[in-house]
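Notes follow the structure.
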Amino acid sequence: MATFLLHGEHITLAQAVKAVGLAESGGQAKHLVRQGEITVNGAVEAHPGRKLFAGDTFAAGPGQEWLVTR
């Protein structure tokens, strides 16, 4: 599992998906999330505006998982 370093208190799921390279644009990131392609803390998340905080995990499948850290 890779780590994703926060530069503030939180980041939205769509922003994180784009930042790690799973999407090339914010629109594509939102689409991936809305299609149920991304999980947060092991559960499918369909809201691209979901805030991620330190300790949360998000994933796009096996081998593509990140732990949010500060």
Side-chain angles (χ1 to χ4, degrees):
M1 177 183 307
T3 58
F4 178 81
L5 181 63
L6 280 177
H7 295 287
E9 282 202 34
H10 61 80
I11 189 169
T12 67
L13 179 56
Q15 289 171 333
V17 166
K18 182 180 172 193
V20 298
L22 293 173
E24 293 181 14
S25 68
Q28 185 183 22
K30 288 177 183 179
H31 181 75
L32 284 173
V33 174
R34 288 185 179 130
Q35 293 300 309
E37 301 290 328
I38 308 296
T39 61
V40 174
N41 299 327
V44 174
E45 179 59 60
H47 298 92
R50 159 87 186 256
K51 292 180 182 176
L52 300 176
F53 296 90
D56 286 334
T57 62
F58 66 100
Q64 292 184 310
E65 187 171 3
W66 290 265
L67 171 65
V68 180
T69 62
R70 288 197 93 205

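FYI, the numbering just counts along the sequence from 1. Note that this is a predicted model, so its numbers are computed, not measured.
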To the nearest 0.5 Å, how far apart are CD in Q64 and CD1 in I38?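 So the gap between those two atoms works out to 8.0 Å.
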
About how many Å separate OG1 of T12 and NZ of K18, when rounded to the nearest 0.5 Å?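 So the NZ of K18 and the OG1 of T12 are separated by 10.5 Å.
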
Could you name each residue pair satisfying salt bridge (Lys or Arg N to Asp or Glu O under 4.0 Å) that touches residues 49-60, not counting sequence neighbours?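 Listed once each, the pairs are E45-R50.
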
Where [X] and [Y] come nearest, the two heavy atoms and their spacing:
| X | Y | answer |
| --- | --- | --- |
| K30 | P48 | CG-CB, 3.8 Å |
| A23 | L32 | CB-CD1, 4.1 Å |
| A54 | L6 | N-CD1, 3.6 Å |
| T57 | G42 | OG1-N, 4.4 Å |
| A60 | L22 | CB-CD1, 3.7 Å |

Is there a donor-acceptor contact under 3.5 Å from the side chain of Q15 to the main chain of I11?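 Side chain of Q15 to backbone of I11, a donor-acceptor pair under 3.5 Å: no, none is there.
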
If only atom types and distance count, is the side chain of R70 paired as donor or acceptor with the main-chain N or O of G8 below 3.5 Å?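 Yes; judged by distance alone, with no hydrogens or angles, the pair exists.
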
Check the orientation of F4 and F58. Use parallel for under 30°, tilted for 30 to 60°, and perpendicular for over 60°.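 Perpendicular, since the angle between the ring planes exceeds 60°.
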
With sequence neighbours excluded, what pairs up with H10 under the ring pair (Phe, Tyr, Trp, His ring centres under 6.0 Å) test?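 H10 satisfies ring pair (Phe, Tyr, Trp, His ring centres under 6.0 Å) with F53 once adjacent residues are dropped.
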
So, do W66 and L52 sit near enough that their side-chain heavy atoms are less than 4.5 Å apart?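 No, side chains not in contact.
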
What residues join L67 in its hydrophobic cluster, counting side-chain heavy atom gaps under 4.5 Å, either direct or through other members?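 Via sub-4.5 Å side-chain contacts, L67 links to M1.
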
